[in-house]
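So the structure is just underneath, and the comments pick up after that.
Remember, it's a predicted structure, so these values are computed and weren't measured experimentally. Hydrogens, waters and symmetry mates are skipped; everything else that's a heavy atom, side chains included, is used.
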Amino acid sequence: MDFFATQSNGIIRYYASDMVLHVDTGAAYLVLPNAKSRIAGYLVIHPSKPSSPPPLNGAILVQCSALKNVVGSAAESEGEGCYHNATTAVPIRVALEELGHPQPKTPLKTDNATATGFANKSMRQSVPRHGT
């Protein structure tokens, strides 16, 4: 506001940008008492075609919570975190679209290859080999 007090003919101009919601998921398996796991989510807005690496941008939402159920593997806890963060991102996507920022498919990043394969339906069951 000091700027406008000293510059009487200053203006604010808004430009449309290509804001796209990105979700980064993390999970820690069996790190809490009673065999519980922890999940985390980092929701941030980047340009639709981010440079490599994308520019640092403040998160619009950071979550960290404990899973209520005991899970059987690290991939299961990561998958649970992906589901939780994806459902959290839905109202934010709707708000961005209503503000005039159309959203493509939301990029959801996870660091667990098994959870990624399960989510993308790219896993194949391996056939066990029996010794002859």
Side-chain angles (χ1 to χ4, degrees):
M1 291 303 187
D2 291 335
F3 175 80
F4 290 113
T6 58
Q7 305 292 325
S8 60
N9 54 353
I11 58 172
I12 298 175
R13 183 171 296 157
Y14 294 98
Y15 295 98
S17 66
D18 52 353
M19 295 193 308
V20 176
L21 180 66
H22 291 250
V23 179
D24 192 354
T25 298
Y29 177 59
L30 300 179
V31 295
L32 297 174
N34 299 322
K36 301 287 176 125
S37 297
R38 183 174 298 280
I39 58 173
Y42 182 79
L43 286 76
V44 66
I45 294 178
H46 285 305
S48 61
K49 297 176 184 170
S51 58
S52 177
L56 291 176
N57 196 359
I60 58 170
L61 179 64
V62 177
Q63 293 185 337
C64 186
S65 61
L67 292 178
K68 294 178 184 175
N69 301 324
V70 176
V71 294
S73 68
E76 191 175 351
S77 63
E78 193 81 33
E80 184 79 23
C82 288
Y83 175 78
H84 176 77
N85 291 325
T87 56
T88 302
V90 170
I92 298 171
R93 278 181 50 92
V94 170
L96 286 169
E97 289 175 353
E98 289 179 356
L99 288 170
H101 300 284
Q103 296 294 299
K105 293 179 181 179
T106 301
L108 183 79
K109 187 176 98 175
T110 180
D111 57 0
N112 186 294
T114 304
T116 301
F118 179 75
N120 295 331
K121 298 181 180 177
S122 62
M123 291 179 64
R124 294 185 337 186
Q125 185 174 4
S126 62
V127 178
R129 297 181 189 190
H130 297 289
T132 55

If two hydrophobic side chains count as joined below 4.5 Å and joins carry through other members, does Val90 share a cluster with Val62?
-> no
Smallest heavy-atom separation, Arg38 atom then Cys64 atom, equals CD-SG, 3.4 Å
State the OG1-CG distance between Thr88 and Leu61, to the nearest 0.5 angstrom.
-> 7.0 Å
Here the gap from Leu96 atom CG to Met19 atom CE, rounded to the nearest 0.5 Å, amounts to 5.5 Å
Minimal heavy-atom distance between Gly100 and Pro102, with the atoms involved, is O-CD, 3.3 Å
Output yes when a side-chain donor or acceptor of Ser37 lies under 3.5 Å from a complementary backbone atom of Leu30, and no otherwise.
-> yes
Rounding to 0.5 Å, atoms CG (Asp111) and CG (Asp24) come to a distance of 7.5 Å
Any side-chain heavy-atom pair of Val23 and Thr25 under 4.5 Å | yes
Donor-acceptor under 3.5 Å (Gln103 side chain, Leu21 main chain) | yes
Calculate, to the nearest 0.5 Å, the distance between atoms NE2 and CD1 belonging to His84 and Ile39 respectively.
-> 4.5 Å
So, Arg93 side chain and Pro104 main chain: donor-acceptor pair closer than 3.5 Å or not?
-> yes
Please report the shortest heavy-atom distance between Cys82 and Leu108, naming the atom on each side.
-> CB-CD2, 3.8 Å
Any donor-acceptor pair under 3.5 Å from Tyr29 side chain to Gly72 backbone = yes
OG1/Thr106 to CG/Leu43 distance, rounded to the nearest 0.5 angstrom?
-> 9.0 Å
